[in-house]
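All remarks here apply to the structure that follows.
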2 protein chains.
Amino acid sequence: MTRGAAHKGGGEKAVAQICTECVVRDQSLCGSLTDSELTTLNSIGRSRRLGRGETLVWAGDDAVVCANLLSGVLKLSASTADGREQIVGLLYPADFVGRPFAEEAEHSITALTEVELCVFPRKGFEAALENHVHLERLLLRRTLAALDEARARMLMLGRKTAEEKVASFLLDMADHLARNAPPCRTEFELPLTRSQIADVLGLTIETVSRQLTKLKRDGLIDLPSGRQVAIRNRVALKLRAEAA
Amino acid sequence: MTRGAAHKGGGEKAVAQICTECVVRDQSLCGSLTDSELTTLNSIGRSRRLGRGETLVWAGDDAVVCANLLSGVLKLSASTADGREQIVGLLYPADFVGRPFAEEAEHSITALTEVELCVFPRKGFEAALENHVHLERLLLRRTLAALDEARARMLMLGRKTAEEKVASFLLDMADHLARNAPPCRTEFELPLTRSQIADVLGLTIETVSRQLTKLKRDGLIDLPSGRQVAIRNRVALKLRAEAA
DNA sequence: CGGTGGCTTGACTGGTCTCAATAGATGTGG
DNA sequence: CCACATCTATTGAGACCAGTCAAGCCACCG
């Protein structure tokens, strides 16, 4: 590595030619870039790690960075003035992180697990967008998809019952985690605490807990230990998730 | 008008050079296009009207069109399998309508008032996006903004009480309608029925009605007649809307 | 007129929240 | 190893907010 060597305390290091060994390169924004485009990003990107619970951006702060998520799970959250929190999005490996063209961050971005990121200064990333049509095009596709997802979540928040919310949450989570795990895993470890699940679903921690034990009592899932979940009857679980 | 003349029953007509007299040209996507870009859109755009209650696109249908909204208000809605509905977005004049790059529509698009649109075939619009970087750039900005708004609405749906929901809805509505009306109007006509307001807020029609009469009883608003609303005490109303 | 659709209001139900106690899990230090 | 603190999760009892069901009002219209 020619310009390698970590030079900031916070676990940053030059990405350099590292893209070639990037785990999520094919699925991430970078996936279909030309060499010249990749070089641009390459030169401004830095790898960074966050521990569970660490926050990359606080809502209201200057939005300084964008990033690609390499591994781990991030939450995007908003809060009311009196402290009620709502998780407005979950980000998984290969997802794009951040909000180009906004001076101020609307949401906090926090690590739910150990996380690896490929971070770009926002201004630099915006410049790359301007200069590389292809990159902009890909980001537009992703943003449109994220918008669809956000709206699907609005239907869930506004119209689903607690049981439906918890059931669909489990199915969602299984899908996302299965993507990077051995195929067809129906057993996985939740990256969220009960309280965070509650913040995703617009419920309280107690209601989440009760719905989970109910699903377990009914034999649809198993809860071997705190964070472990095993889906026993996917079809029935889908039925309880209702909705489209 | 050289190629003017309506030629489809459904209220469509050639847009032709009409852009020059477009009411929302400055605020819409078209606002900062070059002449050449405008000409491209111009040649594929057609003006179209919808009556209150008419639906432009049904969820699940092929997504055939995109459009700019010239006047009126549209709702974007999603439904559960058993018919519960959630309005996931409201569109106002100058807003962009539709979902490029998706074969199938995720949401229904329905007119809440009389509506005028400048409609483009989706494929043609996508081609214009590919050929005109500038247009793509503007759409990206708008989509990012729409995503922020969707997420703000998630906080509302998941964490606000009925009173907070109704209060913030009224403030939102006042802002949007004031934009195109005489300055500082605190009195306006709701483009939505109670039942539609309920669908926006994730409530029932009865709860919306009760919250409205409560706000009236407390002197924060007035309800001269069904759809008319007058904000009497904006500050107090903002307090009830809580949240950030 | 009676019918229809939108809106309000009341009485009641019930799902979710609140408050509180208990049980596990994890880690620290003696 | 155990005692202890801390954090997370479960469970129960009761309260309350919002939903459900039902009746009635009003404006509009054939």
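Per chain, numbering begins at 1; letters A, B, ... match sequence-line order. Not measured: the values here are computed from a predicted model.
- The pair A:R234-A:D175 meets the salt-bridge criterion, with a side-chain N (NZ, NE, NH1 or NH2) lying under 4.0 Å from an Asp/Glu carboxylate O.
- B:L223 places a side-chain heavy atom less than 4.5 Å from the side chain of B:V229.
- A:P191 is listed as a side-chain neighbour of A:M173, based on a closest heavy-atom distance under 4.5 Å.
- Atom CD1 of B:I205 and atom P of D:dC21 are 14 Å apart (whole Å).
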Scan nucleotides 14-18 of chain C against the protein and return all N/O pairs shorter than 3.5 Å with their distances rounded to 0.1 Å.
from: C:dT16; atom 1: OP1; to: A:A162; atom 2: N; distance (Å): 3.0
from: C:dC17; atom 1: OP2; to: A:T204; atom 2: N; distance (Å): 3.4
from: C:dC17; atom 1: OP2; to: A:T204; atom 2: OG1; distance (Å): 3.1
from: C:dC17; atom 1: OP2; to: A:T207; atom 2: OG1; distance (Å): 2.4
from: C:dT18; atom 1: O4; to: A:R210; atom 2: NH2; distance (Å): 2.9

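- Within the structure, every side-chain polar atom (N or O) of A:S209 is placed at least 4.0 Å from both OP1 and OP2 of D:dT11.
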Review item, side-chain donor-acceptor pairs of residues 56-72 of chain B, under 3.5 Å, at least two apart:
from: B:S71; atom 1: OG; to: B:E116; atom 2: OE1; distance (Å): 3.1

Full working for side-chain contact (heavy atoms from CB on, under 4.5 Å) between A:D95 and A:L74: CA-CA 10 Å; A:D95 280 352; A:L74 291 172; over 6 Å; no
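- With a 4.5 Å cut-off on side-chain heavy atoms, B:T207 and B:K165 do not count as touching.
- For the atom pair OG (A:S195) and CD (A:E85), the distance works out to 7.5 Å, reported to the nearest 0.5 Å.
- One can place CD of B:Q228 at 13 Å from P of C:dC7, the figure rounded to the nearest angstrom.
- In summary, A:E163 and A:K214 engage in a salt bridge, as defined by a charged side-chain N under 4.0 Å from a carboxylate O.
- Between B:R52 atom CZ and C:dG5 atom P the separation is 16 Å, expressed in whole Å.
- In this structure, the nucleotide among C:dC7, D:dT11, D:dA9 sitting nearest to the side chain of B:T193 is C:dC7.
- Within the 4.5 Å cutoff, side-chain heavy atoms of A:L90 are placed close to those of A:K75.
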Here DNA chain D, pairs taken as Watson-Crick or G-U under 3.5 Å and shown with ( ), [ ] when crossing and | when to another strand, reads ||||||||||||||||||||||||||||||
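- C:dT8 atom P lies 12 Å from atom CZ of B:R217, rounded to whole Å.
- In this structure, CG of B:L223 is placed 11 Å from C1' of C:dC7, rounded to the nearest angstrom.
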Using the 3.5 Å cut-off, write out each protein N or O paired with an N or O of nucleotides 24-30 of chain D and the distance between them.
none

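- Within the 4.0 Å cut-off from OP1 or OP2 of D:dT8, not a single side-chain nitrogen or oxygen of A:R227 is found.
- Judged as a salt bridge (charged side-chain N to carboxylate O under 4.0 Å, His left out), and not counting sequence neighbours, the contacts of A:E149 are A:R153.
- Distance B:L192 CG to C:dG5 C1': 16 Å, rounded to the nearest Å.
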Starting from the C-alpha separation in whole Å, work towards a yes-or-no answer on side-chain contact (heavy atoms from CB on, under 4.5 Å) for B:H107 and A:R151. CA-CA 9 Å; B:H107 309 108; A:R151 285 172 169 163; 3.6 Å; yes
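- Spacing between atom CG of B:D82 and atom P of D:dT20 amounts to 11 Å, rounded to whole angstrom units.
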Taking only N/O atoms, report every protein-nucleotides 23-28 of chain C pair under 3.5 Å with atom names and distance.
none

Can you list the steps and then say if A:T161 with B:R84 is a side-chain contact (heavy atoms from CB on, under 4.5 Å)? CA-CA 11 Å; A:T161 65; B:R84 286 168 281 175; 4.2 Å; yes
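- Between B:H176 and B:V73 there is no side-chain heavy-atom pair separated by less than 4.5 Å.
- Remark: P of D:dT10 and CG of A:L190 are 10 Å apart, rounded to the nearest angstrom.
- Counting heavy atoms from C-beta outward, B:M156 and B:L201 have side chains that approach closer than 4.5 Å.
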